[in-house]
Colleague: 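Handing you this structure, nothing more for now.
Please read these numbers as outputs of a predicted model, since none were measured by experiment. In what follows, every chain begins at residue 1, and chains take the letters A, B, ... in the order their sequences are listed.
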Amino acid sequence: MVERDELEKLAELVIKKKKVDEVELRISHSDSSLTRFANSRIHQNVAQESTSVSIRAIKGKRVGSAGVTNLDEKYVLSCLRNAEKIAGLQPEDPNFKGLPEPKEIKRAAKKYSEETAKHPPEDKANMVSNMINYADKRGVDRIYGALATVDSSIFIANSNNVSCWDKFSRADLSTTVIADWDKDRGFGRGEACSGDIKNIDHMNVIEKAVDKGLNNLDTVSVDPGEYTVILEPMAVNSLVLYLSMMGFSAKAVQEQRSFMNGKFGDRIMDERINIVDDAYDINTLGYNFDFEGMPKQRVDMIKDGIANAVVYDTYTAGKEEDKESTGHALPMPSSMSPFPLNPIMEGGDSSVQEMIDETDKGILITRFNYCGIIHPVKSIVTGLTRDGTWLIENGEVKDPVKNLRFTQNLLDAFDSVDLIGKQQELFSMGYIAGHVLCPALKISEFNFTGGTEF
Amino acid sequence: MHAGANMQELVEYGVHKMDDLGPDYADIRISDISKQNISVKNGSVESIKDDISRGLGVRILNGGWGFASTSDLTKTGIDVAIHRAMKIAKASAMATSKVELAEIDIHHDKYVSEFKKDPFQEPLEEKLELLLEAEKRLKVDDAIKVTNATLLAWRFKKWFASTEGANIEQDIIQCGAGVNVTASDGNDVQKRSYPNSFGGVFHSEGYEFIESLELIENAERVGKEAVELLDAKQCPSGDMDLILDPGQLALQIHESCGHPTELDRVLGTEASYAGTSFMTPDMLNELKYGSKIVDLVNDATAPKGLGTFGYDDEGVKARKVDLVRNGLFVGYQSSREDAARLGVEVSGNMRAQGWINLPLVRMNNINLEPGDWSREEIIEETKEGVIMDTIKSWSIDDKRLNFQFGTEIGYLVKDGEIKQMIKNPTYTGITYEFWRNCNAIAGEDEWKMHGFPNCGKGEPPQSMRVGHGCAPARFRGIRVGVGKW
């Protein structure tokens with residue numbers, strides 16, 4: 001990792017050498033390692049180290065961007081000149097209000113874990129071996145998955161005196177088991193995500209996955225239709241992520257493609273649903289500022305079931321009266337920015353077992369696979385169940401079910417929530433330090449439109 | 001020193017260093033990737049960014065696999081990466097089984113993709129002028145809320161060497177562009193794109209391909225279609241004949257033939273992430289995948305495809321391999337390791353997104369070969385059906401059996417004629433049932449090469465550029481109009 005003072009010197013040089021009105025420098029560094037296992041053996045094992053430099057050059061209301069993967073002054077200055085050249089060749093964007101001014105950034109209570117950042121491949125191999133041995137002893141044929149650790153940092157500076165640096169660490173473990181390989185059945189899943197490898201209880205993860213796999217052998221078909229469902233946190237994670245993609249960005253609202261359009265102040269979900277974006281929550285992970293160097297603010301997107309707010313970067317804030325960035329810019333330029341990188345669905349007071357106990361007839365779902373947005377304004381999403389789905393009858397988990405396809409208006413689903421889990425779980429979005437924190441849910445009406453053969 | 005000569009020197013340095021360590025196998029790949037991304041939106045430039053990404057990855061097999069990558073393109077950087085990869089390979093050996101690699105011909109070669117105009121040499125002003133004019137012409141009505149035109153270009157320079165003696169240099173140019181528009185009347189939102197959604201269509205060609213797309217000439221039509229969709233009839237629900245134009249059929253091929261014939265998925269190495277496949281080895285040369293007119297090929301030699309190259313990232317020379325012939329499942333996409341495990345032909349499908357990534361089995365160009373119909377004949381001989389075009393949504397299960405797709409636009413066909421536009425078209429099915437119901441494929445004249453720059457796979461995730469050539473085709477008795485609206 002490059003030290004902060006070296007990066008600040010580079011920023012001073014870029015700002016001093018600029019030939020345009022404003023300039024922004026963003027330097028990302030990532031050193032990650034990932035051990036992947038399949039068929040109960042390690043088959044891919046990688047270490048990836050990269051440094052990338054991005055420069056935005058501002059000439060009036062024109063923005064040019066360029067990037068390079070080298071910190072050498074010669075390459076960085078060449079990158080600056082290229083960004084300046086690009087800025088000079090384009091028409092003005094009247095909506096661009098300039099780079100942001102510095103704002104106070106508070107530090108989150110989260111701790112960076114050196115042990116996670118430097119977690120060696122031998123330790124990963126040992127953890128994976130333990131999981132393989134455990135599954136083998138329980139009679140599971142094969143296990144699959146990945147154990148990853150990430151050490152990343154970000155430095156952002158601009159010619160308006162913004163200068164900030166932060167780092168974070170993360171450990172991720174996911175595993176899928178196939179209990180009966182010959183008959184291609186017995187799928188089960190376990191996951192864990194934390195800022196510290198010490199919090200990854202790999203034996204608990206494999207135990208959960210094995211339990212699911214061994215209880216998922218003789219699947220039965222269920223007719224499509226409306227069912228009460230109990231969604232474990234892994235499944236709720238997908239729905240919260242797709243809600244975020246469809247509706248919680250100011251850009252989506254400004255482009256009139258959000259389900260929040262025309263509904264601010266209206267109740268659009270059950271009144272017990274609260275979804276916030278809060279990078280400072282002790283249970284989530286991420287940087288303290290966004291990719292323009294603006295402090296991340298808590299935004300209550302859904303408050304007591306009411307469409308309350310969306311997230312902004314400086315550009316989208318500049319397009320509206322009396323709006324400021326909420327600290328949700330993605331690496332610029334970006335067609336996706338702004339975006340809530342730390343969505344949190346607040347927990348309730350039920351356990352999954354209590355949800356099962358109180359269900360006469362329903363379906364218990366581990367997670368969803370390959371969701372797709374059918375209509376963002378109507379919040380219609382489709383996807384399939386995966387790695388463990390069971391019928392619930394009279395308060396008991398019964399037969400495992402062949403995977404089902406849902407096609408569902410998510411606002412309707414969140415409006416028919418019966419129970420909310422008290423325990424939240426953390427999931428990585430898989431890109432740019434984004435994480436979802438969410439509980440389990442019991443939903444009274446969920447629409448399945450088809451099924452598959454396994 | 002010339003940059004290329006320097007890179008050549010570095011790969012030779014790296015491969016000799018690794019050879020000295022005596023691994024079972026090792027290779028080094030240096031990449032110098034240039035990317036230009038331009039987007040104009042609502043009359044302004046949304047973004048213009050030029051990226052240069054340079055670095056190297058080393059892959060070592062020493063009892064187990066180890067891979068390390070770095071952006072430090074020096075001999076010291078290579079030494080550190082080799083040390084890391086070797087350490088990782090030893091750790092892998094703690095929990096692995098014996099790895100064998102299928103034999104391949106060893107090449108010393110240089111490959112340059114075909115192009116007339118280097119998109120990076122075309123003046124930026126001209127590219128902007130094209131996009132701004134096309135984008136302006138999309139705005140045909142007040143209901144249009146977002147107008148957008150985009151252009152992407154890449155240049156991949158790669159140097160590859162292996163301890164088996166391979167030494168390959170490649171220089172590949174790819175680009176594409178598109179326009180899209182969002183219309184809203186306050187109650188509904190509809191989108192149209194040309195020549196396809198998600199940025200358009202991309203080829204291994206030069207700027208001449210972007211010029212051939214005629215973005216400006218098509219913009220007004222695309223804008224009008226978006227507005228018309230707001231008042232169009234909802235797609236009906238039921239079983240009927242489905243005619244897919246290439247703008248959607250390309251994705252159908254991608255999801256329901258491309259992914260399930262990836263041998264790494266079949267052998268389980270993607271089971272925890274992307275999933276597995278229903279096309280298991282016992283079905284090879286047995287499974288009736290489609291009707292007799294269905295021929296699907298994996299072809300890295302197809303002209304202009306986004307998955308066209310000289311050599312894959314294991315040094316395997318580009319080739320054409322049958323996946324489905326006369327409807328019968330006959331082949332896989334494979335790596336050297338997977339091919340050796342199953343005893344099948346190496347297909348040359350190992351590719352990495354960039355220097356930072358480990359190569360994986362990725363689609364090259366998965367093409368549906370042309371039939372002997374014309375689109376007009378297909379429509380004329382359809383009693384009741386729906387035409388669908390342009391990707392909007394997609395979802396498929398983790399064995400690639402149950403799929404559901406949505407397209408931007410559709411048309412009802414009745415008694416051999418197109419009757420009216422419909423909105424929110426969706427269809428669903430089971431892969432082999434769907435392809436077995438393919439009863440008409442248009443011919444070579446209407447065959448188009450589509451390309452997607454964003455096929456996701458692997459952990460850490462990688463995004464790959466893949467090609468899909470096809471002509472319009474018809475499928476009998478497909479369930480359309482899924483869900484509540």
Side-chain angles (χ1 to χ4, degrees), chain A residues 32 34 36 38-39 41-51 64-69 82 86 89-91 93 95 121-122 125 128-129 132 144-146 174-176 178 255-257 333 335 369-375 377 380 382-384 386 403 405 407 430 447 449-450 452-454, chain B residues 39 44-55 64-71 84 87-89 91-92 94-97 124-125 128 145-146 182 184 186 188-189 268-269 271-273 275 356 358 393-399 401-402 404 406 424 426 428 430 459-461 482-484:
Chain A
S32 63
L34 183 143
R36 217 172 172 206
N39 302 312
R41 70 178 186 94
I42 293 172
H43 70 109
Q44 289 169 8
N45 210 345
V46 305
Q48 299 184 163
E49 181 273 332
S50 69
T51 301
S65 304
V68 70
T69 49
N82 195 20
I86 291 168
L89 291 172
Q90 59 185 272
D93 177 356
N95 291 312
E122 309 88 73
V128 170
S129 294
I132 291 169
Y144 306 79
S174 60
T175 188
T176 294
I178 302 180
E255 294 180 353
Q256 299 193 30
R257 55 181 167 82
S335 60
N369 178 64
Y370 216 143
C371 297
I373 298 168
I374 293 181
H375 198 297
V377 173
I380 299 174
T382 187
L384 292 116
R386 184 173 175 183
N403 286 309
R405 169 175 294 288
T407 305
N447 189 29
T449 52
T452 190
E453 296 181 351
F454 60 96
Chain B
S39 173
S44 299
V45 174
E46 183 183 48
S47 64
I48 306 178
K49 189 170 187 199
D50 279 0
D51 273 307
I52 296 168
S53 177
R54 297 187 182 107
W65 280 111
F67 173 83
S69 57
T70 177
S71 50
R84 270 187 114 172
K87 196 173 170 203
I88 293 168
S92 297
M94 292 163 64
T96 196
S97 54
L124 184 59
E125 298 93 318
L128 275 173
K145 306 302 178 191
V146 181
T182 305
S184 171
D188 193 12
V189 172
T269 53
S272 185
Y273 188 66
I356 198 167
L358 178 75
S393 71
W394 61 97
S395 173
I396 189 164
D397 71 42
D398 50 297
K399 287 186 193 291
L401 274 165
N402 177 299
Q404 182 170 315
N424 306 320
T426 53
T428 187
I430 296 290
E459 292 175 290
V482 190
K484 293 179 181 173

Colleague: Using non-hydrogen atoms and a 4.5 Å limit, figure out which bit of T70(B) sits close to chain A: side chain, backbone, both or neither.
Modeller: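 It is both, since atoms from each part get that close.
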Colleague: By a 4.5 Å heavy-atom criterion (distance strictly below it), what part of R54(B) contacts chain A: side chain, backbone, both, or neither?
Modeller: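 R54(B) touches chain A through backbone and side-chain heavy atoms alike.
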Colleague: Chain A heavy atoms under 4.5 Å from V45(B): which part of the residue, side chain, backbone, both or neither?
Modeller: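 Both parts, backbone and side chain.
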Colleague: Please classify the contact of L128(B) with chain A as side chain, backbone, both or neither, using a heavy-atom distance under 4.5 Å.
Modeller: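 For L128(B), side-chain heavy atoms alone lie under 4.5 Å from chain A.
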Colleague: Considering only heavy atoms and a distance below 4.5 Å, find which of I380(A), I178(A), I132(A) pairs most often with chain B.
Modeller: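 Of the candidates given, the most pairs with chain B belong to I380(A).
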Colleague: Can you sort out the partners of R386(A) under side-chain contact (heavy atoms from CB on, under 4.5 Å), two or more places apart, ordered by chain and number?
Modeller: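 R386(A) satisfies side-chain contact (heavy atoms from CB on, under 4.5 Å) with R367(A), N369(A), D398(B) once adjacent residues are dropped.
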Colleague: Can you tell which part of D397(B) gets under 4.5 Å to a heavy atom of chain A, answering side chain, backbone, both or neither?
Modeller: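 Contact with chain A involves both backbone and side-chain atoms of D397(B).
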Colleague: Chain A heavy atoms under 4.5 Å from S184(B): which part of the residue, side chain, backbone, both or neither?
Modeller: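 The side chain, not the backbone.
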Colleague: Between W65(B) and V46(A), is a side chain to side chain contact (heavy atoms under 4.5 Å, CB included) present by the stated rule, with each step listed?
Modeller: CA-CA 9 Å; W65(B) 280 111; V46(A) 305; over 6 Å; no
Colleague: Output, in order, the C-alpha distance, side-chain angles, deciding distance and verdict of side chain to side chain contact (heavy atoms under 4.5 Å, CB included) for Q256(A) and T182(B).
Modeller: CA-CA 9 Å; Q256(A) 299 193 30; T182(B) 305; over 6 Å; no
Colleague: Who wins among E453(A), E49(A), Q44(A) for the most heavy-atom pairs under 4.5 Å with chain B?
Modeller: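 Going by pairs under 4.5 Å, I would pick E49(A).
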Colleague: For I374(A), is it the side chain, the backbone, both, or neither that has a heavy atom closer than 4.5 Å to a heavy atom of chain B?
Modeller: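 Both backbone and side chain of I374(A) come within 4.5 Å of chain B.
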Colleague: Any chance the side chains of T382(A) and R405(A) put a donor and an acceptor closer than 3.5 Å?
Modeller: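 Side-chain D/A pair, T382(A) to R405(A): present.
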Colleague: Please classify the contact between T175(A) and chain B as side chain, backbone, both or neither, with a heavy-atom cut-off of under 4.5 Å.
Modeller: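 Just its backbone gets close to chain B.
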Colleague: For P460(B), is it the side chain, the backbone, both or neither that has a heavy atom under 4.5 Å from a heavy atom of chain A?
Modeller: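 Contact with chain A: backbone and side chain both.
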Colleague: For R36(A), what residues pass the salt bridge (charged side-chain N to carboxylate O under 4.0 Å, His left out) criterion, not counting sequence neighbours?
Modeller: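 Partners of R36(A) under the salt bridge (charged side-chain N to carboxylate O under 4.0 Å, His left out) test: E270(B), E459(B).
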Colleague: Determine the option with the most heavy-atom pairs under 4.5 angstrom with chain B, choosing from N45(A), V377(A), L89(A), N95(A).
Modeller: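 Sorted descending by pairs with chain B, the first entry is N45(A).
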Colleague: Could you give the distance from CG (N402(B)) to OG1 (T428(B)), rounded to the nearest 0.5 Å?
Modeller: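 These two atoms lie 4.5 Å from each other.
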Colleague: At their closest point, which heavy atom of A91(B) faces which heavy atom of I42(A), and how far apart are they?
Modeller: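 Shortest heavy-atom separation between A91(B) and I42(A) comes out as O-CD1, 4.2 Å.
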Colleague: Ignoring hydrogens and geometry beyond distance, is a side-chain donor-acceptor pair present between N82(A) and D50(B) at under 3.5 Å?
Modeller: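 There is such a pair between these side chains.
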Colleague: Counting only non-hydrogen atoms closer than 4.5 Å, does N447(A) touch chain B with its backbone (N, CA, C, O), its side chain (CB onward), both, or neither?
Modeller: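 Looking at N447(A), just its side chain touches chain B.
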Colleague: Just by distance, with hydrogens left out, do T96(B) and R41(A) show a side-chain donor and acceptor under 3.5 Å apart?
Modeller: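 There is such a pair between these side chains.
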Colleague: Without swapping roles, check the side chain of S395(B) against the backbone of Y370(A) for a donor-acceptor pair under 3.5 Å.
Modeller: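 Checked: pair present.
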Colleague: Output the option from S69(B), S44(B), A89(B) having the highest count of non-hydrogen pairs under 4.5 Å with chain A.
Modeller: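 With the most close heavy-atom pairs to chain A, the winner is S69(B).
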Colleague: Less than 4.5 Å to any heavy atom of chain A: does that hold for the side chain of K399(B), its backbone, both, or neither?
Modeller: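 Contact with chain A: backbone and side chain both.
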Colleague: Tell me, out of C371(A), S335(A), G430(A), S32(A), who's got the most heavy-atom pairs with chain B below 4.5 Å.
Modeller: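 Option with the top pair count is S335(A).
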Colleague: Would you give the length of the straight line joining atom CD of E46(B) to atom OG of S39(B), rounded to the nearest 0.5 angstrom?
Modeller: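 One gets 4.0 Å once the value is rounded to the nearest 0.5 Å.
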Colleague: Looking just at side-chain N and O atoms, do N403(A) and T452(A) make a donor-acceptor pair shorter than 3.5 Å?
Modeller: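 N403(A) vs T452(A): no donor-acceptor pair found between side chains.
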Colleague: Between chain A and each of G66(B), G55(B), P461(B), S393(B), count heavy-atom pairs under 4.5 Å; write down the option with the most.
Modeller: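 Among G66(B), G55(B), P461(B), S393(B), the one with the most close pairs to chain A is S393(B).
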Colleague: Side chain, backbone, both or neither: which part of I373(A) has a non-hydrogen atom closer than 4.5 Å to chain B?
Modeller: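 Only the backbone of I373(A) comes within 4.5 Å of chain B.
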Colleague: Specify which of I396(B), I430(B), L124(B) makes the most heavy-atom pairs with chain A at under 4.5 Å.
Modeller: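 Ranked by heavy-atom pairs under 4.5 Å with chain A, first place is I396(B).
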Colleague: Does either side chain, that of T407(A) or that of T449(A), offer a donor lying less than 3.5 Å from an acceptor on the other one?
Modeller: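 There is such a pair (donor and acceptor under 3.5 Å, judged by atom type) between the side chains of T407(A) and T449(A).
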Colleague: Out of G268(B), G275(B), G186(B), return the one with the most heavy atom pairs under 4.5 angstrom to chain A.
Modeller: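 Of G268(B), G275(B), G186(B), G268(B) has the most heavy-atom pairs under 4.5 Å with chain A.
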Colleague: Report the option among V146(B), I88(B), T426(B) that has the most heavy-atom pairs separated by less than 4.5 Å from atoms of chain A.
Modeller: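 Ranked by contacts with chain A, first place is I88(B).
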Colleague: For I48(B), is it the side chain, the backbone, both or neither that has a heavy atom under 4.5 Å from a heavy atom of chain A?
Modeller: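 Contact with chain A involves both backbone and side-chain atoms of I48(B).
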Colleague: Of the listed residues (A125(A), A66(A), G372(A)), which shares the most heavy-atom pairs with chain B below a 4.5 Å separation?
Modeller: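 The candidate making the most pairs under 4.5 Å is A66(A).
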Colleague: Please flag which part of V128(A) lies under 4.5 Å from any non-hydrogen atom of chain B: side chain, backbone, both or neither.
Modeller: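 Neither part.
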Colleague: Evaluate side chain to side chain contact (heavy atoms under 4.5 Å, CB included) for N424(B) paired with H375(A), printing each intermediate quantity in order.
Modeller: CA-CA 8 Å; N424(B) 306 320; H375(A) 198 297; 3.5 Å; yes
